[in-house]
Structure formats: structure tokens, C-alpha cells
Amino acid sequence: MGFDMSVRVRFPPSPTGEPHVGNLRTALFNWLFARHHGGAFVLRIEDTDRERLVPGAVEAIMDALLWLGLEWDEGPDPRDPSRDVGPYGPYVQSRRLELYQQEARRLVEAGHAYYCYCSPERLEQVRREQMARREPPRYDRRCRDLSEGERREMEAQGVTPVVRFRTPLSGETSFHDLIRGEIVVRNDTLDDFVLLKSDGYPVYHLASVVDDHHMRITHVLRGEEWIPSTPRHVLLYDAFGWEPPQFAHLPMILGPDRSKLSKRHGDMSVRELRERGYLPEALFNFLGLLGWSLDDHTEIIDRETFIRHFDLDRVSPSPAIFNQEKLDWMNGVYIRSLPPEELATRLLPYLERSFGRVDRGLVARAVPLLQERIRTLAEAADMAGFLFAERVEPSLGDLLGKKFTGTPGEAGRALLAALERLQGLEEWTAQALEGALRPLAAELGLKTGDLFMLLRVAVTGRTVSPPLFQSMELLGRERTLGRLEAALGRLRAETG
Ligand code: GLU
């Protein structure tokens, strides 16, 4: 598909909560499409549904985009969202009300829309009757052809009308979807939808079409769930006498069981994804493959490659599957590819979140033990927590494991022997530690695995840790011996 410099796309979130995986995928595909074609990526805030607004949501959306590296060319100024960047602002719909009202009036004057005075009570009544007759609920068009006199009477009674679209009663509306091909609907399946509410706020359909036109949007890339809206939009463009943009509806995102993506599948807000320690570059890669592919096999793709190759011809119409295991795997790949100092820098906030101020040098020295073993940054706090925590509190069950169950005395004797051996150790290195402890197992008549597990639990508090001797080396002589003594005390208390 050859598009020129004039490609303009938009990401128009409603600030009704924390952005999730699906929102970010839509933003990413728009951004990639703009970057690939050298076009503009516009951020527009669709805040006309006043009841659903959530304070802080605009900031959360902007934060999420910036974190992922999806900077916008036009939209609210990230440093001060009450200001705009770009020639077609304001980019916040609540600041464009006059424009929508003016355009709605124009449609009424041209006969494409009309004032409707029906009360909410009447509409509810109509709906109930239709349901009882098992008809699809829709406006019964009572005000579609009011006479001038009837209209004036309603106005005299002080009823503030809504504006409704005069949907053609027959014929078909169609559009060409760049991903799905021709989509056709019969006009008699659409009702006379509201354009402008009585409080002067536009409904999504009107605001979206007016803005896409006035902001010179060339391509509308949005989720599949918006397909039912598009014929209405096409009718509106027609009524206004405007050229519609091109439409492309992105595949929906499902869980591995092919049901709607939910918390259970690992659907997370961007804030949660960050808290868990997914790297933005890994998430970028992962989201980029939710519905698009480079070829049939490549999984690890960097930003530049995405930009170079991204286009709609490789966006699939069938649902994309969100697989959290794949995300974890991919995040691990990106973690391993970071330079160690960079990983240390990124780990710092995650460790400080759990342990307060931590020794940066120790973090750097721990990186080699962690880099191959963690899949998220937050896992480091579990895996290497023993290094940063004041003390560890192994459970008795873990200390005794399978081997020593029922014989805490034997475990105590083994710990004491290890302690004595280590107290005399001259050099505190992994190699020296191993040289001292490996033969000890045989001397005690224990399997090395059983002795090492006991020591691991005593020193790290967990049955899973980085390699034992390297962990002890990093932890240092004093703290290692202290933990062995504490565990010994614990076992002694148990044997009385
Ligand atoms: N405000 C709509 C949303 O929340 C925009 C839909 C569209 O892209 O037209 O997703």
C-alpha cells in the first residue's frame, strides 16, 4: 500500500480509567502506521461522556504512551494537558463543544437531522413495549416529521431537544475496510441515533466524525468492536458532504481459551504491567505482534524493524491471542539483552520499593546472579531479597525439607558442622566455600543435595535461589554466618 507524507492517524481514548493492553495495542498500531508512512500521530481526548470520567485518567494515558515511547505529534501538551501542540486543536473534545453544536445545526438545516423532544420517560415506555413485542429496541421516530407548529409548541413548553440523525429508511451503507474488505449494512437496521444531547454535549458518533474531518485524519485504525459504529459514521460523512477517511478495524484480543480477555488471562492495566517489571521495549514487541506479524516465525523484533515493516497488509482479521507466558518469556529475553549496568539501574526502584534504600554496588554485583534467572524486574525482589533484607525467616518446614523431617537434631548437627567449617575459612569466595562444604556432606554421611538445600534455606530463606556459593559470597562472611547461627538457634529451640 503506498501512502504519501500526508498520512494522519489518531488515538482517541476516553479518559474513563487506566489504559489496558487493548488500548495500548491500538495506540501502538496507529503510531507504527504513522511512523512507517512518515505521517502524523494525533492524540485526542474523548471526554464527552461526563458521567464516566475518571480523574487522573488523562495523565495515566499520556504516561502510558510516553513510557512505551509512543510520542504524539499533535495533541495535549504532555507537560501541561490544558495546552495543545499542533494546528488542529483543541485536542480535548470538551473544549470543542461549539464546533459540534454548529455542525449539528448545519445537519438540521440541511434536513439530515432533526430535533427530538421525547422525554426519557417516553423513550423508556417505547423501549418496554418493543421488548414485549420482541422487537429490537429503537427510537420510534416520533419527532422525525414534526410540523413547524408542533415544534414551536414543544419549545414553548420549555422542552430542550436532542438532535437526532435522519437515517435513511431504505438502502444500504457500505465501506471498504482495509483489513476486512467490504462491509455492508441495511439502513433499516440502524435507528435515528442521537447526535447532540440536550445538555449540548455531542454523542461519540458526532464528535468522532466532526473531529476526524476537522483534524484531517486519513486513516481510522481502531478495534473491531467499533465496526457497528462505522456505517453511522459513513452516513454522517455523506450528510456533511465530506470525504470519509479509510477504515481499518483491528482484530480483537482474546485469552488463550478464546474468551474475552480478562484479568484471569493476565489482562493488566499499564500501571500494573509496569509495577510487575515488564520492560517497555518488551511490551512494545509483544503488543506489536497482537494482530500483526513480520513473517511466520520472527518473535523478537526491535522498534526500527517494526517501523520499517509495519503495514496493514500483515494485520490479520482473526483474533489475536494474549498469552502471558509468551510475554514473560519475551520480557526475559529483553532482560538478558540489557547491559548489566543498565539492568542494575532498572532494578533499583523495584528493590527499593521492597527494601527501602539499597546499596547500589551490591545491586550491581547481584546482577550476574539475576540476569539469567528473572523474567520480570519485580521477580528480582524475591530472588535476591535475601541480599537486601535485614534478616530472613525460613520456615521450619523448608529448613527440614524432605530429608530431615522428624529429625531436627540431625539438621542441627549438619548446620553446626557447616558453621564450624566456615568460621575457619580464610578466603570468602564461592570457590573456597564450595571447597569447604562439598566434602562435608560425605563426612556427615549426607547427600550433597540435602546439605546444600539446608544451607540454602538457612541463608536465603527460600528453597529456590541463585547458586548457593555465589549467593554466600555476595552476602558476605558476617551475614552468612549470622544466618546459619539463627537457623541453628531455631532448630535447637525445636529439639528442646
Ligand atoms: N473514544 C473511543 C474509545 O474509547 C474511540 C473509538 C474510535 O477510535 O473511534 O476507544
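Whatever order the structure lists ligands and atoms in, that order sets their numbers, starting from 1. FYI, side chains are in, hydrogens and waters are out, and symmetry mates aren't considered; it's all heavy atoms of this structure. We're numbering straight along the sequence, starting at 1. Only a predicted model underlies this, so the values are computations on that prediction, with no experimental measurement involved.
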inquiry  = One thing to verify: whether R106 and E109 come together as a salt bridge, which I'm taking to mean a side-chain N less than 4.0 angstrom from a carboxylate O.
reply    = no
ask   = Hey, are R95 and D84 close enough for a salt bridge, meaning a charged N less than 4.0 Å from a carboxylate O?
value = yes
Distance-only N or O hit between ligand 1 and P12, under 3.5 Å = yes
At a 4.0 Å threshold, what atoms of ligand 1 neighbour a non-hydrogen atom of [X]?
{"X": "S14", "value": "1 (N), 2 (C), 3 (C), 4 (O)"}
{"X": "R222", "value": "7 (C), 8 (O), 9 (O)"}
{"X": "E46", "value": "1 (N), 2 (C), 5 (C)"}

What residue and heavy atom of the protein are closest to [atom], and at what distance?
{"atom": "atom 9 (O) of ligand 1", "value": "Y204 OH, 2.6 Å"}
{"atom": "atom 8 (O) of ligand 1", "value": "R10 NH1, 2.8 Å"}
{"atom": "atom 3 (C) of ligand 1", "value": "W226 CZ2, 3.5 Å"}

request  = Would you indicate whether E153, at its atom CD, is surrounded by more than 12 heavy atoms from other residues, nucleotides or ligands within a distance under 6.0 Å?
outcome  = no
R50 atom CZ, neighbour heavy-atom count above 12 within 6.0 Å = yes
query = Do the side-chain N and O atoms of R222 and T230 include a donor-acceptor pair separated by under 3.5 angstrom?
reply = yes
ask   = Hey, would you say the F306 and F284 ring centroids sit under 6.0 Å apart?
value = yes
